[in-house]
Amino acid sequence: MSGGTSLYQAVILDHNRQPRNFRPLPAAASQAVAHNPLCGDTVEIGVVVRDGEVSEISFQGESCAVATASASLLTETLQGRGVPAALSLCDQYVAALAGTADPPELPDALRPLLTVRRFPGREQCAALPVQAIRAALRRFSGAD
Amino acid sequence: MSVVDPVNGRQVAALDVERIRRDFPILRREVHGKPLVYLDNGASAQRPEVVIEAEADCYRRYYANIHRGVHALSQESTSAFEAVRGKVKELLNAPSEREIVFTRGTTESINLVAQSHVRPMLKPGDEILITAMEHHSNIVPWQLLCDATGAKLVVVPFSDAGELSLEDVASRITARTRFISVMHVSNALGTINPVLEIVRLAREHGLTILLDGAQAAPHMPVDVQALDCDFYVFSAHKLYGPTGVGVLFGKYELLQAMPPWQGGGDMIRSVSFERTEFAEPPARFEAGTPNIAGVIGMGAAIDYFRALDPAAVFAHESALLRYAESELETVPGLRIIGNAAAKAGILSFVMEDAHPHDIGTILDADGVAIRAGHHCAQPVMQRYGVPATARASFAAYNTMAEVDALVASLHKVCDLFGR
(Lines give C-alpha, C1' and ligand atoms only; values in the text may rest on other atoms or scores of the structure.)
Protein backbone atom coordinates (compact mmCIF):
# COMPACT_ATOMS: atom_id res chain seq x y z
CA MET A 1 0.00 0.00 0.00
CA SER A 2 1.14 3.53 -0.66
CA GLY A 3 0.10 7.11 0.02
CA GLY A 4 -3.01 7.72 2.09
CA THR A 5 -3.99 4.07 2.16
CA SER A 6 -0.76 3.18 4.01
CA LEU A 7 -2.24 4.86 7.07
CA TYR A 8 -5.02 2.33 7.04
CA GLN A 9 -3.16 -0.87 7.82
CA ALA A 10 -5.16 -4.02 8.46
CA VAL A 11 -4.92 -3.62 12.23
CA ILE A 12 -6.32 -0.09 12.14
CA LEU A 13 -9.13 -1.05 9.77
CA ASP A 14 -9.93 -4.03 11.96
CA HIS A 15 -10.08 -2.00 15.17
CA ASN A 16 -12.20 0.63 13.37
CA ARG A 17 -14.68 -1.94 12.09
CA GLN A 18 -14.85 -3.85 15.34
CA PRO A 19 -13.60 -1.61 18.09
CA ARG A 20 -12.67 -3.51 21.26
CA ASN A 21 -14.07 -2.27 24.59
CA PHE A 22 -16.58 -0.12 22.70
CA ARG A 23 -19.65 -0.26 24.92
CA PRO A 24 -21.70 1.86 27.31
CA LEU A 25 -19.57 3.09 30.20
CA PRO A 26 -20.40 1.46 33.55
CA ALA A 27 -22.03 3.83 36.02
CA ALA A 28 -19.28 3.09 38.55
CA ALA A 29 -16.53 4.16 36.13
CA SER A 30 -14.57 7.37 36.30
CA GLN A 31 -15.63 9.04 33.07
CA ALA A 32 -14.09 11.73 30.89
CA VAL A 33 -14.72 13.03 27.41
CA ALA A 34 -12.41 14.52 24.78
CA HIS A 35 -13.54 16.66 21.82
CA ASN A 36 -11.64 17.59 18.72
CA PRO A 37 -12.97 21.08 17.97
CA LEU A 38 -11.58 20.92 14.43
CA CYS A 39 -13.77 18.02 13.33
CA GLY A 40 -16.39 17.61 16.05
CA ASP A 41 -15.17 14.12 17.00
CA THR A 42 -15.83 12.85 20.52
CA VAL A 43 -14.30 10.04 22.56
CA GLU A 44 -15.71 9.18 25.99
CA ILE A 45 -13.72 6.96 28.30
CA GLY A 46 -14.82 5.09 31.41
CA VAL A 47 -12.26 3.54 33.77
CA VAL A 48 -12.83 1.35 36.80
CA VAL A 49 -9.78 1.06 39.10
CA ARG A 50 -9.47 -1.71 41.70
CA ASP A 51 -6.46 -2.15 43.98
CA GLY A 52 -4.61 0.55 42.07
CA GLU A 53 -5.03 -1.23 38.72
CA VAL A 54 -7.21 -0.60 35.66
CA SER A 55 -9.73 -3.39 36.08
CA GLU A 56 -12.15 -2.21 33.39
CA ILE A 57 -11.81 0.36 30.62
CA SER A 58 -14.27 1.06 27.84
CA PHE A 59 -15.10 3.83 25.38
CA GLN A 60 -17.91 5.36 23.37
CA GLY A 61 -18.35 8.25 21.00
CA GLU A 62 -18.18 9.16 17.35
CA SER A 63 -14.81 9.48 15.70
CA CYS A 64 -12.71 8.74 12.63
CA ALA A 65 -10.95 5.44 11.99
CA VAL A 66 -7.68 6.69 13.47
CA ALA A 67 -9.20 7.92 16.74
CA THR A 68 -11.42 4.84 17.02
CA ALA A 69 -8.57 2.38 16.42
CA SER A 70 -6.37 4.37 18.79
CA ALA A 71 -9.00 4.18 21.56
CA SER A 72 -9.58 0.49 20.89
CA LEU A 73 -5.87 -0.42 21.02
CA LEU A 74 -5.19 1.83 24.01
CA THR A 75 -8.00 0.34 26.08
CA GLU A 76 -6.70 -3.16 25.31
CA THR A 77 -3.17 -2.15 26.23
CA LEU A 78 -4.08 -0.38 29.47
CA GLN A 79 -6.21 -3.19 30.86
CA GLY A 80 -4.62 -4.51 34.07
CA ARG A 81 -1.92 -1.83 34.34
CA GLY A 82 -1.32 0.20 37.48
CA VAL A 83 -2.48 3.82 37.35
CA PRO A 84 1.03 5.41 37.30
CA ALA A 85 2.17 2.93 34.63
CA ALA A 86 -0.95 3.65 32.55
CA LEU A 87 -0.36 7.42 32.75
CA SER A 88 3.27 7.03 31.82
CA LEU A 89 2.31 4.86 28.83
CA CYS A 90 -0.05 7.67 27.73
CA ASP A 91 2.88 10.12 27.89
CA GLN A 92 5.14 7.83 25.87
CA TYR A 93 2.44 7.29 23.26
CA VAL A 94 1.76 11.04 22.83
CA ALA A 95 5.49 11.77 22.56
CA ALA A 96 5.84 9.01 19.96
CA LEU A 97 2.88 10.37 17.97
CA ALA A 98 4.38 13.85 18.01
CA GLY A 99 7.64 12.37 16.75
CA THR A 100 9.61 13.90 19.60
CA ALA A 101 10.57 10.49 20.99
CA ASP A 102 10.37 6.83 20.06
CA PRO A 103 10.33 5.13 23.44
CA PRO A 104 11.61 1.55 23.11
CA GLU A 105 9.26 0.47 25.89
CA LEU A 106 6.15 1.54 23.88
CA PRO A 107 4.09 -1.65 23.42
CA ASP A 108 4.20 -3.07 19.88
CA ALA A 109 0.40 -3.09 19.79
CA LEU A 110 0.38 0.73 19.57
CA ARG A 111 3.10 1.03 16.94
CA PRO A 112 0.85 0.76 13.85
CA LEU A 113 -0.64 4.12 14.84
CA LEU A 114 2.73 5.87 14.64
CA THR A 115 2.25 6.00 10.83
CA VAL A 116 0.03 9.05 11.47
CA ARG A 117 3.21 11.10 11.80
CA ARG A 118 3.38 11.15 8.00
CA PHE A 119 -0.16 12.50 7.58
CA PRO A 120 -0.83 16.18 8.12
CA GLY A 121 -3.19 16.86 10.99
CA ARG A 122 -3.87 13.25 11.83
CA GLU A 123 -1.69 12.76 14.95
CA GLN A 124 -4.27 14.74 16.89
CA CYS A 125 -6.86 12.09 15.89
CA ALA A 126 -4.69 9.33 17.39
CA ALA A 127 -4.03 11.45 20.48
CA LEU A 128 -7.71 12.32 21.07
CA PRO A 129 -8.54 9.28 23.27
CA VAL A 130 -5.44 9.94 25.40
CA GLN A 131 -6.88 13.27 26.59
CA ALA A 132 -9.95 11.48 27.94
CA ILE A 133 -7.94 8.57 29.39
CA ARG A 134 -5.60 10.90 31.25
CA ALA A 135 -8.50 12.89 32.65
CA ALA A 136 -10.34 9.74 33.76
CA LEU A 137 -7.18 8.27 35.36
CA ARG A 138 -5.92 11.39 37.12
CA ARG A 139 -8.64 11.03 39.73
CA PHE A 140 -6.80 7.96 40.95
CA SER A 141 -3.24 9.16 40.59
CA GLY A 142 -3.11 11.22 43.78
CA ALA A 143 -0.78 13.60 41.96
CA ASP A 144 -3.42 16.26 41.53
CA MET B 1 -19.78 28.16 -27.41
CA SER B 2 -22.42 29.32 -24.98
CA VAL B 3 -24.43 27.88 -22.14
CA VAL B 4 -27.67 28.97 -20.49
CA ASP B 5 -27.30 30.98 -17.29
CA PRO B 6 -29.40 29.06 -14.75
CA VAL B 7 -30.30 32.28 -12.91
CA ASN B 8 -32.09 34.22 -15.61
CA GLY B 9 -32.07 31.91 -18.61
CA ARG B 10 -29.89 34.18 -20.75
CA GLN B 11 -27.07 32.82 -22.86
CA VAL B 12 -23.59 33.24 -21.39
CA ALA B 13 -20.26 32.38 -22.97
CA ALA B 14 -18.83 29.05 -21.78
CA LEU B 15 -15.62 29.43 -19.79
CA ASP B 16 -12.38 28.48 -21.49
CA VAL B 17 -11.32 26.40 -18.50
CA GLU B 18 -8.00 25.22 -19.95
CA ARG B 19 -6.98 28.84 -20.45
CA ILE B 20 -8.14 29.77 -16.97
CA ARG B 21 -6.11 26.91 -15.48
CA ARG B 22 -2.96 28.30 -17.07
CA ASP B 23 -3.54 31.54 -15.14
CA PHE B 24 -3.15 29.72 -11.78
CA PRO B 25 0.47 28.69 -11.18
CA ILE B 26 -0.39 26.41 -8.25
CA LEU B 27 -2.53 24.19 -10.48
CA ARG B 28 0.65 23.02 -12.18
CA ARG B 29 1.98 21.36 -9.03
CA GLU B 30 1.67 17.77 -7.99
CA VAL B 31 0.64 16.39 -4.60
CA HIS B 32 2.02 12.98 -3.62
CA GLY B 33 3.08 12.50 -7.25
CA LYS B 34 -0.42 13.15 -8.63
CA PRO B 35 -1.76 16.30 -10.31
CA LEU B 36 -3.40 18.59 -7.75
CA VAL B 37 -7.21 18.42 -7.86
CA TYR B 38 -8.17 21.41 -5.74
CA LEU B 39 -11.77 21.10 -4.55
CA ASP B 40 -11.50 23.11 -1.32
CA ASN B 41 -12.53 26.43 -2.82
CA GLY B 42 -15.24 26.99 -0.23
CA ALA B 43 -12.50 27.31 2.38
CA SER B 44 -10.27 29.44 0.18
CA ALA B 45 -9.71 29.71 -3.57
CA GLN B 46 -6.31 29.82 -5.31
CA ARG B 47 -4.85 32.95 -6.86
CA PRO B 48 -4.15 33.70 -10.52
CA GLU B 49 -0.78 35.11 -11.55
CA VAL B 50 -2.31 38.59 -12.03
CA VAL B 51 -3.26 38.76 -8.35
CA ILE B 52 0.12 37.52 -7.12
CA GLU B 53 1.77 39.97 -9.48
CA ALA B 54 -0.42 42.95 -8.48
CA GLU B 55 0.51 42.50 -4.83
CA ALA B 56 4.21 41.97 -5.60
CA ASP B 57 4.20 44.87 -8.04
CA CYS B 58 2.95 47.21 -5.32
CA TYR B 59 5.84 46.19 -3.08
CA ARG B 60 8.39 46.29 -5.91
CA ARG B 61 7.49 49.60 -7.50
CA TYR B 62 5.35 52.00 -5.49
CA TYR B 63 4.59 50.83 -1.94
CA ALA B 64 4.22 53.44 0.81
CA ASN B 65 1.65 54.19 3.46
CA ILE B 66 -1.55 55.73 2.14
CA HIS B 67 -3.64 58.83 2.75
CA ARG B 68 -0.89 60.87 4.36
CA GLY B 69 2.19 61.38 2.28
CA VAL B 70 3.02 64.26 0.01
CA HIS B 71 5.59 62.12 -1.73
CA ALA B 72 5.13 60.27 -4.99
CA LEU B 73 5.03 56.72 -3.63
CA SER B 74 2.34 57.54 -1.07
CA GLN B 75 0.22 59.15 -3.76
CA GLU B 76 0.63 56.20 -6.09
CA SER B 77 -0.22 53.71 -3.32
CA THR B 78 -3.21 55.80 -2.26
CA SER B 79 -4.63 56.00 -5.75
CA ALA B 80 -4.11 52.26 -6.41
CA PHE B 81 -5.74 51.45 -3.04
CA GLU B 82 -8.67 53.82 -3.49
CA ALA B 83 -9.27 52.63 -7.06
CA VAL B 84 -10.27 49.25 -5.60
CA ARG B 85 -13.37 50.84 -4.03
CA GLY B 86 -14.58 51.56 -7.54
CA LYS B 87 -13.94 47.94 -8.56
CA VAL B 88 -15.94 46.63 -5.59
CA LYS B 89 -18.72 49.10 -6.35
CA GLU B 90 -18.89 47.72 -9.92
CA LEU B 91 -18.75 44.10 -8.70
CA LEU B 92 -21.70 44.60 -6.34
CA ASN B 93 -23.45 47.27 -8.44
CA ALA B 94 -23.36 49.51 -5.35
CA PRO B 95 -24.58 53.08 -5.86
CA SER B 96 -21.42 54.70 -4.55
CA GLU B 97 -17.78 54.01 -3.69
CA ARG B 98 -18.39 55.73 -0.35
CA GLU B 99 -20.47 52.70 0.64
CA ILE B 100 -17.50 50.31 0.36
CA VAL B 101 -15.58 49.72 3.61
CA PHE B 102 -12.41 47.60 3.54
CA THR B 103 -12.10 45.12 6.41
CA ARG B 104 -10.01 42.05 7.26
CA GLY B 105 -12.73 39.76 5.94
CA THR B 106 -16.33 38.63 6.22
CA THR B 107 -15.99 37.94 9.94
CA GLU B 108 -14.76 41.45 10.70
CA SER B 109 -17.43 42.97 8.46
CA ILE B 110 -20.19 41.19 10.42
CA ASN B 111 -18.65 42.17 13.77
CA LEU B 112 -18.45 45.78 12.61
CA VAL B 113 -22.16 45.87 11.76
CA ALA B 114 -23.00 44.09 15.02
CA GLN B 115 -21.07 46.58 17.15
CA SER B 116 -21.71 49.83 15.26
CA HIS B 117 -25.13 49.45 13.69
CA VAL B 118 -27.03 46.93 15.81
CA ARG B 119 -25.64 47.34 19.32
CA PRO B 120 -26.71 50.98 19.80
CA MET B 121 -30.36 50.11 19.08
CA LEU B 122 -30.63 47.03 21.34
CA LYS B 123 -32.53 46.89 24.60
CA PRO B 124 -33.03 43.85 26.83
CA GLY B 125 -35.61 41.53 25.26
CA ASP B 126 -35.02 42.79 21.70
CA GLU B 127 -34.43 40.12 19.08
CA ILE B 128 -31.90 39.44 16.36
CA LEU B 129 -33.00 37.02 13.66
CA ILE B 130 -30.59 34.59 12.00
CA THR B 131 -31.00 31.12 10.47
CA ALA B 132 -29.97 27.67 11.67
CA MET B 133 -27.62 27.24 8.69
CA GLU B 134 -25.33 30.20 9.45
CA HIS B 135 -21.54 29.97 9.61
CA HIS B 136 -20.15 30.50 13.12
CA SER B 137 -19.10 33.99 12.00
CA ASN B 138 -22.76 34.90 11.59
CA ILE B 139 -23.75 33.34 14.94
CA VAL B 140 -21.09 34.20 17.49
CA PRO B 141 -20.95 38.00 16.95
CA TRP B 142 -24.71 38.10 17.63
CA GLN B 143 -24.38 35.88 20.71
CA LEU B 144 -21.72 38.22 22.09
CA LEU B 145 -24.05 41.14 21.43
CA CYS B 146 -26.97 39.36 23.13
CA ASP B 147 -24.80 38.60 26.17
CA ALA B 148 -23.79 42.26 26.41
CA THR B 149 -27.25 43.77 25.94
CA GLY B 150 -29.81 41.23 27.13
CA ALA B 151 -31.15 40.82 23.59
CA LYS B 152 -32.26 37.41 22.31
CA LEU B 153 -31.07 35.42 19.32
CA VAL B 154 -33.97 33.96 17.32
CA VAL B 155 -33.08 31.19 14.88
CA VAL B 156 -35.10 30.26 11.78
CA PRO B 157 -34.98 26.48 11.16
CA PHE B 158 -34.49 24.85 7.76
CA SER B 159 -35.90 21.76 6.09
CA ASP B 160 -34.28 18.33 5.61
CA ALA B 161 -33.40 19.39 2.08
CA GLY B 162 -31.52 22.36 3.54
CA GLU B 163 -34.00 25.05 2.52
CA LEU B 164 -35.47 28.01 4.39
CA SER B 165 -39.16 28.73 4.06
CA LEU B 166 -40.30 32.33 3.87
CA GLU B 167 -43.21 31.48 6.16
CA ASP B 168 -40.73 30.33 8.81
CA VAL B 169 -38.80 33.57 8.46
CA ALA B 170 -41.94 35.74 8.51
CA SER B 171 -43.43 33.97 11.53
CA ARG B 172 -40.31 34.70 13.58
CA ILE B 173 -40.33 38.43 12.94
CA THR B 174 -41.94 40.05 15.99
CA ALA B 175 -42.42 43.53 17.39
CA ARG B 176 -39.09 42.99 19.21
CA THR B 177 -37.05 42.06 16.13
CA ARG B 178 -34.37 44.67 15.50
CA PHE B 179 -32.13 43.14 12.84
CA ILE B 180 -31.88 40.22 10.42
CA SER B 181 -28.61 38.56 9.32
CA VAL B 182 -28.71 35.75 6.75
CA MET B 183 -26.19 33.97 4.58
CA HIS B 184 -26.71 34.33 0.82
CA VAL B 185 -25.25 30.86 0.08
CA SER B 186 -24.66 28.14 2.69
CA ASN B 187 -21.02 27.05 3.01
CA ALA B 188 -22.03 23.68 4.47
CA LEU B 189 -25.03 22.82 2.28
CA GLY B 190 -24.63 24.88 -0.89
CA THR B 191 -28.18 26.24 -0.58
CA ILE B 192 -28.82 29.53 -2.35
CA ASN B 193 -31.20 31.26 0.02
CA PRO B 194 -34.19 33.34 -1.15
CA VAL B 195 -32.48 36.52 0.00
CA LEU B 196 -34.45 38.84 -2.30
CA GLU B 197 -37.67 37.72 -0.61
CA ILE B 198 -36.12 37.84 2.87
CA VAL B 199 -34.95 41.42 2.29
CA ARG B 200 -38.50 42.23 1.18
CA LEU B 201 -39.80 40.84 4.49
CA ALA B 202 -37.30 43.02 6.35
CA ARG B 203 -38.51 46.07 4.39
CA GLU B 204 -42.16 45.30 5.18
CA HIS B 205 -41.29 45.31 8.88
CA GLY B 206 -39.02 48.35 8.72
CA LEU B 207 -35.96 46.27 9.67
CA THR B 208 -32.39 46.51 8.45
CA ILE B 209 -30.71 43.36 7.13
CA LEU B 210 -27.21 42.01 6.43
CA LEU B 211 -26.46 39.40 3.76
CA ASP B 212 -23.36 37.26 4.26
CA GLY B 213 -22.04 36.88 0.73
CA ALA B 214 -18.84 34.95 1.54
CA GLN B 215 -19.97 31.95 -0.57
CA ALA B 216 -21.98 33.95 -3.10
CA ALA B 217 -19.92 36.92 -4.29
CA PRO B 218 -17.12 34.65 -5.70
CA HIS B 219 -19.55 32.46 -7.63
CA MET B 220 -22.41 34.47 -9.13
CA PRO B 221 -23.51 37.98 -10.10
CA VAL B 222 -24.47 40.05 -7.04
CA ASP B 223 -26.45 43.28 -7.31
CA VAL B 224 -26.96 45.01 -3.97
CA GLN B 225 -29.38 47.52 -5.51
CA ALA B 226 -31.59 44.77 -6.91
CA LEU B 227 -31.36 42.91 -3.59
CA ASP B 228 -32.00 46.17 -1.70
CA CYS B 229 -30.05 44.79 1.29
CA ASP B 230 -28.66 47.25 3.84
CA PHE B 231 -25.32 45.47 4.29
CA TYR B 232 -23.50 42.93 2.12
CA VAL B 233 -20.20 41.34 3.17
CA PHE B 234 -17.59 39.05 1.61
CA SER B 235 -13.90 38.06 1.78
CA ALA B 236 -11.29 38.47 -0.95
CA HIS B 237 -9.60 35.13 -0.38
CA LYS B 238 -12.56 33.12 -1.62
CA LEU B 239 -12.68 35.33 -4.72
CA TYR B 240 -9.17 34.53 -6.02
CA GLY B 241 -7.73 37.37 -3.92
CA PRO B 242 -5.44 37.74 -0.88
CA THR B 243 -6.24 36.65 2.67
CA GLY B 244 -6.85 39.24 5.36
CA VAL B 245 -8.97 41.49 3.15
CA GLY B 246 -12.73 41.78 2.98
CA VAL B 247 -15.55 44.11 2.18
CA LEU B 248 -18.49 45.66 3.92
CA PHE B 249 -21.03 47.30 1.65
CA GLY B 250 -23.45 49.45 3.65
CA LYS B 251 -26.09 51.95 2.55
CA TYR B 252 -24.53 55.36 3.01
CA GLU B 253 -27.17 56.88 5.29
CA LEU B 254 -26.77 53.89 7.62
CA LEU B 255 -22.96 54.05 7.60
CA GLN B 256 -23.16 57.76 8.30
CA ALA B 257 -25.32 57.19 11.38
CA MET B 258 -22.95 54.56 12.78
CA PRO B 259 -20.29 55.28 15.42
CA PRO B 260 -16.73 54.14 14.72
CA TRP B 261 -15.93 50.58 15.65
CA GLN B 262 -12.22 50.90 16.25
CA GLY B 263 -10.38 54.07 17.10
CA GLY B 264 -7.03 55.08 15.66
CA GLY B 265 -5.33 56.84 12.81
CA ASP B 266 -7.00 57.44 9.46
CA MET B 267 -10.53 57.48 10.88
CA ILE B 268 -10.58 60.98 12.34
CA ARG B 269 -11.10 64.51 11.14
CA SER B 270 -9.41 66.15 14.12
CA VAL B 271 -8.21 64.95 17.51
CA SER B 272 -7.69 66.83 20.74
CA PHE B 273 -7.91 65.55 24.29
CA GLU B 274 -11.22 67.40 24.67
CA ARG B 275 -12.88 66.24 21.49
CA THR B 276 -12.31 64.03 18.47
CA GLU B 277 -14.26 64.45 15.28
CA PHE B 278 -14.61 61.35 13.21
CA ALA B 279 -14.10 61.09 9.50
CA GLU B 280 -17.00 60.38 7.15
CA PRO B 281 -17.54 56.77 5.99
CA PRO B 282 -15.83 54.72 4.75
CA ALA B 283 -12.67 56.17 6.42
CA ARG B 284 -14.50 56.24 9.77
CA PHE B 285 -14.42 52.43 9.82
CA GLU B 286 -10.86 51.94 8.60
CA ALA B 287 -8.72 52.77 11.63
CA GLY B 288 -5.02 52.13 11.31
CA THR B 289 -2.86 51.22 8.34
CA PRO B 290 -4.82 48.66 6.30
CA ASN B 291 -3.58 45.71 4.24
CA ILE B 292 -2.61 48.03 1.39
CA ALA B 293 -1.07 45.54 -1.02
CA GLY B 294 -3.80 43.03 -0.09
CA VAL B 295 -6.54 45.46 -1.08
CA ILE B 296 -4.70 46.17 -4.33
CA GLY B 297 -4.49 42.38 -4.88
CA MET B 298 -8.24 42.15 -4.29
CA GLY B 299 -8.71 44.77 -7.00
CA ALA B 300 -6.81 42.56 -9.45
CA ALA B 301 -8.89 39.55 -8.35
CA ILE B 302 -12.13 41.45 -8.97
CA ASP B 303 -10.90 42.52 -12.41
CA TYR B 304 -10.04 38.90 -13.17
CA PHE B 305 -13.38 37.56 -11.93
CA ARG B 306 -15.41 40.18 -13.77
CA ALA B 307 -13.49 39.46 -16.98
CA LEU B 308 -14.49 35.79 -16.65
CA ASP B 309 -18.13 36.97 -16.24
CA PRO B 310 -19.71 35.97 -12.91
CA ALA B 311 -22.76 34.56 -14.73
CA ALA B 312 -20.50 32.30 -16.82
CA VAL B 313 -18.65 31.18 -13.67
CA PHE B 314 -21.99 30.33 -12.06
CA ALA B 315 -23.12 28.36 -15.12
CA HIS B 316 -19.81 26.42 -15.17
CA GLU B 317 -19.88 25.61 -11.46
CA SER B 318 -23.55 24.59 -11.71
CA ALA B 319 -22.66 22.15 -14.49
CA LEU B 320 -19.84 20.72 -12.34
CA LEU B 321 -22.26 20.35 -9.42
CA ARG B 322 -24.90 18.54 -11.52
CA TYR B 323 -22.29 16.19 -12.96
CA ALA B 324 -20.72 15.51 -9.55
CA GLU B 325 -24.12 14.86 -7.94
CA SER B 326 -25.01 12.27 -10.58
CA GLU B 327 -21.56 10.61 -10.44
CA LEU B 328 -21.61 10.44 -6.63
CA GLU B 329 -24.73 8.32 -6.88
CA THR B 330 -22.46 5.52 -8.13
CA VAL B 331 -20.55 5.47 -4.82
CA PRO B 332 -22.11 2.92 -2.45
CA GLY B 333 -23.20 4.23 0.94
CA LEU B 334 -22.64 7.89 0.03
CA ARG B 335 -25.26 10.40 1.12
CA ILE B 336 -25.34 14.02 -0.02
CA ILE B 337 -26.10 16.49 2.79
CA GLY B 338 -28.08 19.43 1.41
CA ASN B 339 -30.48 18.84 -1.47
CA ALA B 340 -31.93 22.29 -1.99
CA ALA B 341 -33.50 23.02 -5.37
CA ALA B 342 -31.24 26.07 -5.73
CA LYS B 343 -27.60 25.20 -4.97
CA ALA B 344 -24.21 26.72 -5.65
CA GLY B 345 -21.11 24.61 -6.39
CA ILE B 346 -20.80 23.07 -2.92
CA LEU B 347 -21.21 19.36 -2.35
CA SER B 348 -21.32 18.08 1.24
CA PHE B 349 -21.55 14.35 1.82
CA VAL B 350 -21.07 11.55 4.30
CA MET B 351 -20.29 7.87 3.73
CA GLU B 352 -21.75 4.98 5.66
CA ASP B 353 -18.50 3.31 6.72
CA ALA B 354 -15.90 6.06 6.46
CA HIS B 355 -15.49 9.15 8.60
CA PRO B 356 -14.98 12.44 6.69
CA HIS B 357 -11.42 12.74 8.06
CA ASP B 358 -10.51 9.33 6.73
CA ILE B 359 -12.11 10.20 3.37
CA GLY B 360 -10.00 13.37 3.29
CA THR B 361 -6.75 11.51 4.00
CA ILE B 362 -7.37 8.88 1.30
CA LEU B 363 -8.34 11.52 -1.28
CA ASP B 364 -5.25 13.55 -0.39
CA ALA B 365 -3.07 10.59 -1.36
CA ASP B 366 -4.59 10.91 -4.84
CA GLY B 367 -3.89 14.65 -4.92
CA VAL B 368 -7.57 15.47 -4.34
CA ALA B 369 -7.98 18.30 -1.79
CA ILE B 370 -11.38 18.49 -0.09
CA ARG B 371 -12.53 19.77 3.28
CA ALA B 372 -13.47 17.39 6.08
CA GLY B 373 -15.00 18.80 9.22
CA HIS B 374 -17.92 20.81 10.52
CA HIS B 375 -17.22 23.76 8.19
CA CYS B 376 -17.69 26.21 11.08
CA ALA B 377 -21.37 25.29 11.04
CA GLN B 378 -21.78 22.93 13.99
CA PRO B 379 -25.54 23.63 14.31
CA VAL B 380 -25.93 22.37 10.72
CA MET B 381 -24.05 19.17 11.58
CA GLN B 382 -26.27 18.70 14.65
CA ARG B 383 -29.36 19.22 12.47
CA TYR B 384 -28.33 16.21 10.36
CA GLY B 385 -26.96 14.17 13.29
CA VAL B 386 -23.42 13.94 11.89
CA PRO B 387 -20.21 15.19 13.56
CA ALA B 388 -18.77 16.33 10.26
CA THR B 389 -19.10 16.06 6.50
CA ALA B 390 -16.73 15.82 3.57
CA ARG B 391 -17.11 18.76 1.21
CA ALA B 392 -16.04 19.33 -2.37
CA SER B 393 -16.48 22.92 -3.53
CA PHE B 394 -15.90 24.22 -7.05
CA ALA B 395 -14.28 27.23 -8.66
CA ALA B 396 -13.96 28.51 -12.22
CA TYR B 397 -10.83 26.42 -12.86
CA ASN B 398 -12.30 23.02 -11.97
CA THR B 399 -13.04 20.47 -14.68
CA MET B 400 -15.27 17.46 -15.25
CA ALA B 401 -12.10 15.33 -15.29
CA GLU B 402 -11.41 16.52 -11.73
CA VAL B 403 -14.88 15.37 -10.72
CA ASP B 404 -13.96 11.98 -12.21
CA ALA B 405 -10.77 11.94 -10.10
CA LEU B 406 -12.83 12.72 -7.00
CA VAL B 407 -15.27 9.90 -7.74
CA ALA B 408 -12.50 7.39 -8.53
CA SER B 409 -10.84 8.20 -5.23
CA LEU B 410 -14.14 7.84 -3.36
CA HIS B 411 -14.47 4.33 -4.80
CA LYS B 412 -11.09 3.57 -3.19
CA VAL B 413 -12.51 4.73 0.14
CA CYS B 414 -15.35 2.24 -0.34
CA ASP B 415 -12.95 -0.57 -1.17
CA LEU B 416 -10.95 0.12 1.98
CA PHE B 417 -13.75 0.82 4.44
CA GLY B 418 -16.73 -1.05 2.94
CA ARG B 419 -17.89 -3.93 5.03
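Reminder, nothing fancy here: chain letters follow the sequence lines and each chain counts from 1.
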Legend entry - Which atom of Pro387(B) lies closest to which atom of Glu62(A), heavy atoms considered: CD-OE2, 3.5 Å
Legend entry - Side chain His357(B), main chain Gly121(A), donor-acceptor under 3.5 Å: no
Legend entry - Within 6.0 Å of CZ in Arg104(B), more than 12 heavy atoms from elsewhere: no
Inset, instruction - Before accepting this row, confirm whether a basic side-chain N of the pair Asp364(B)/Arg122(A) lies closer than 4.0 Å to the acidic partner's carboxylate O. - result: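 Salt bridge flag = no for Arg122(A) with Asp364(B).
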Legend entry - Interface residues of residues 63-90 of chain A facing chain B - heavy atom cut-off under 4.5 Å: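 Checking residues 63-90 of chain A against chain B gives Ser63(A), Cys64(A), Ala65(A), Val66(A).
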Inset, instruction - Spell out the residues in residues 41-60 of chain A that have some non-hydrogen atom less than 4.5 Å away from a non-hydrogen atom of chain B, in order of number; otherwise answer 'none'. - result: Asp41(A)
Inset, instruction - Measure the CZ-CG distance between Phe119(A) and Asp358(B) for me, rounded to the nearest 0.5 Å. - result: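 Separation between the atoms: 11.0 Å.
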Inset, instruction - Measure distances from Leu13(A) to the heavy atoms of chain B and classify the residue's part below 4.5 Å as side chain, backbone, both or neither. - result: side chain
